[in-house]
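What you see is a predicted model; the values in this text were computed from it and never measured. The basis for the numbers below is simple: all heavy atoms, side chains too, and nothing from hydrogens, waters or symmetry mates. FYI, the numbering just counts along the sequence from 1.
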Amino acid sequence: MTSQPHISIQNLNLFYGANHALKNINIDIPDKRVTSFIGPSGCGKTTLLKTFNRLHDSSVDVRIEGKVLVDGENIYDKDMEVTHIRKKMGLLSQRPFPLPMSIFDNIAYGPRIHGTRDKKKLHEIVEQQLRDVALWDEVKDRLHTPAARLSIGQQQRLCLARGLAVEPEIILGDEPTSALDPRSTHKIEELFLELKEKYTIVLVTHILRQARRVSDFIVFVYNGEIIEFGPTEELLLNPKEELTKDYVRGFLS
């Protein structure tokens, strides 16, 4: 692999009660690349993604063993602050969830929480983040109108900008275009290709064509296990494992 790992998962196992959902996961996610998890529904892709910023913490029946290292720190150490971890990661869900406030305040929310109060500085942050997600020209004349009035594709870009406003290192996307029309999907994909110059991006997608368009690396997950991991073209066009071959040919669902 050509770049240093940003996230390193070592001997990770996750249990929902008696159900062994993730099984002995070992993988290094490279820095400033797009890595996509593919696999059938229910195979563990989203479960694995959620381990990266401890989104399972609120589930009482979940037990996790092993390590998830981010910048060399095990995020499951007992003395690790969850807020410290989550500040490093912006999460883009399947459907956008703008805060019930204006476009401006959605972006300014995170910086305000982290202590930024200067109005000029906040405006600079808002403008820059909206420019970074190609939304500024569309909303600059209505920054103080409710974010809920935006189209769903615009809302998803707004949520991405909101996540970037707190200066994370990593962008996590859980099927972030599944609710979008083709035009909005194309815009989000273009953004990922631009943003990987600054951020490590980890996506869950069920669309093989999308994984091929945006990813540098692909991880094939099946039944809670990593079956194969490699460069995108190599894994999709010349997979080594029989299960991977069956999946990319459409024989597994």
**Student:** Taking only Lys NZ, Arg NE, NH1 and NH2, and the carboxylate oxygens of Asp or Glu, determine whether Glu127 and Lys140 approach each other closer than 4.0 Å.
**Tutor:** no
**Student:** Are side-chain heavy atoms of His20 and Asn13 found at a separation under 4.5 Å?
**Tutor:** yes
**Student:** Does atom NZ of Lys121 have more than 12 heavy-atom neighbours from other groups under 6.0 Å away?
**Tutor:** no
**Student:** Between Ile218 and Ile227, is there a shared hydrophobic cluster once you connect ILVMFWY residues whose side-chain heavy atoms come closer than 4.5 Å?
**Tutor:** yes
**Student:** With a 4.5 Å cut-off on side-chain heavy atoms, are Pro96 and Ile152 touching?
**Tutor:** yes
**Student:** With side chains defined as the heavy atoms from C-beta onward, is the minimum distance between Asn11 and Lys67 less than 4.5 Å?
**Tutor:** no
**Student:** Do the side chains of Glu167 and Lys87 get close enough for a salt bridge, i.e. N-O under 4.0 angstrom?
**Tutor:** no
**Student:** On a heavy-atom basis, which atom in Ile107 and which in Ala161 lie closest, and how many Å separate them?
**Tutor:** CD1-CB, 3.6 Å
**Student:** Within a 6.0 Å radius of atom NZ on Lys88, are there more than 12 heavy atoms belonging to other residues, nucleotides or ligands?
**Tutor:** yes
**Student:** If hydrophobic clusters are built by linking Ile, Leu, Val, Met, Phe, Trp and Tyr wherever their side-chain heavy atoms come under 4.5 Å apart, do Trp136 and Leu158 end up in the same one?
**Tutor:** yes
**Student:** By the definition side chain to side chain donor-acceptor pair (under 3.5 Å), identify the one residue from Thr35, Asp28, Asp71 that meets it with His6.
**Tutor:** Asp71
**Student:** Are more than 12 heavy atoms, taken from residues, nucleotides or ligands other than Phe15, located less than 6.0 Å from that residue's CZ atom?
**Tutor:** yes
**Student:** Are any non-hydrogen side-chain atoms of Phe192 and Leu92 less than 4.5 angstrom apart?
**Tutor:** yes
**Student:** Given side chains that start at C-beta, do those of Glu124 and Asp118 come closer than 4.5 Å, heavy atoms only?
**Tutor:** no
**Student:** I need the single residue from Arg183, Lys196, Arg213 that forms a salt bridge (charged side-chain N to carboxylate O under 4.0 Å, His left out) with Glu189. Which is it?
**Tutor:** Arg213
**Student:** Just verifying a value: how many Å separate Asp77 CG and Asn74 CG, rounded to the nearest 0.5 Å?
**Tutor:** 4.0 Å
**Student:** Salt bridge check, Asp105 against Arg112: does any charged N sit closer than 4.0 Å to a carboxylate O?
**Tutor:** yes
**Student:** Describe, in one word, how the ring planes of His123 and Phe104 are oriented to each other, choosing from parallel (under 30°), tilted (30 to 60°) and perpendicular (over 60°).
**Tutor:** tilted
**Student:** Please round to the nearest 0.5 Å and tell me the distance separating atom CD1 of Ile171 and atom CG of Leu160.
**Tutor:** 5.5 Å
**Student:** Quick check on Arg209: does its CZ atom have over 12 non-hydrogen neighbours (other residues, nucleotides or ligands) under 6.0 Å away?
**Tutor:** no
**Student:** Would you kindly confirm whether Ile9 and Leu69 end up in one hydrophobic cluster when ILVMFWY residues are joined by side chain heavy atoms under 4.5 Å apart?
**Tutor:** no
**Student:** Are a donor atom and an acceptor atom from the side chains of Ser184 and Gln156 found within less than 3.5 Å of each other?
**Tutor:** no
**Student:** Let's go through Asp174 and Ser93 carefully: what are the C-alpha distance in whole Å and the side-chain angles of both, what is the deciding distance for side-chain hydrogen bond (donor to acceptor under 3.5 Å, both in side chains) to 0.1 Å, and is it a yes or a no?
**Tutor:** CA-CA 5 Å; Asp174 184 10; Ser93 301; over 6 Å; no
**Student:** Determine, using the 4.5 Å side-chain heavy-atom cutoff (strictly less than), whether Val139 and Leu122 are members of one ILVMFWY cluster.
**Tutor:** yes
**Student:** On a heavy-atom basis, which atom in Leu191 and which in Asp132 lie closest, and how many Å separate them?
**Tutor:** CD2-O, 3.2 Å
**Student:** Inspect the contact between Lys187 and Glu190 and indicate whether a charged nitrogen and a carboxylate oxygen are less than 4.0 angstrom apart.
**Tutor:** no
**Student:** So which atom in Phe37 and which in Val219 form the shortest heavy-atom distance, rounded to 0.1 Å?
**Tutor:** CD2-CB, 3.2 Å
**Student:** Under 4.5 Å between side-chain heavy atoms, hopping through other hydrophobics if needed: is there a path connecting Val70 to Leu172?
**Tutor:** yes
**Student:** How far apart are the closest heavy atoms of Val62 and His56, and which atoms are they?
**Tutor:** CG1-CB, 3.9 Å
**Student:** Taking the six-membered ring where the residue is Trp, are the ring centres of Phe220 and Tyr247 under 6.0 Å apart?
**Tutor:** yes
**Student:** Flag the pair Asp216 / Pro30 as yes when at least one side-chain heavy-atom distance between them is below 4.5 Å, and no otherwise.
**Tutor:** no
**Student:** Does the Arg86 side chain pair with the main chain of Arg54, one donor and one acceptor, at a distance under 3.5 Å?
**Tutor:** yes
**Student:** Should Ile25 and Thr51 count as side-chain neighbours, where that means a heavy-atom distance under 4.5 Å?
**Tutor:** no
**Student:** Do other residues, nucleotides or ligands put more than 12 heavy atoms under 6.0 Å from His186 NE2?
**Tutor:** no
**Student:** Assess whether atom CZ of Arg95 is packed by more than 12 heavy atoms of other residues, nucleotides or ligands within 6.0 Å.
**Tutor:** no
**Student:** Would the distance check show the side chain of Lys240 and the main-chain N or O of Glu228 forming a donor-acceptor pair, the cut-off being under 3.5 Å?
**Tutor:** no
**Student:** Hey, are the side chains of Tyr222 and Ile38 touching, using non-hydrogen atoms and a 4.5 Å cut-off?
**Tutor:** no
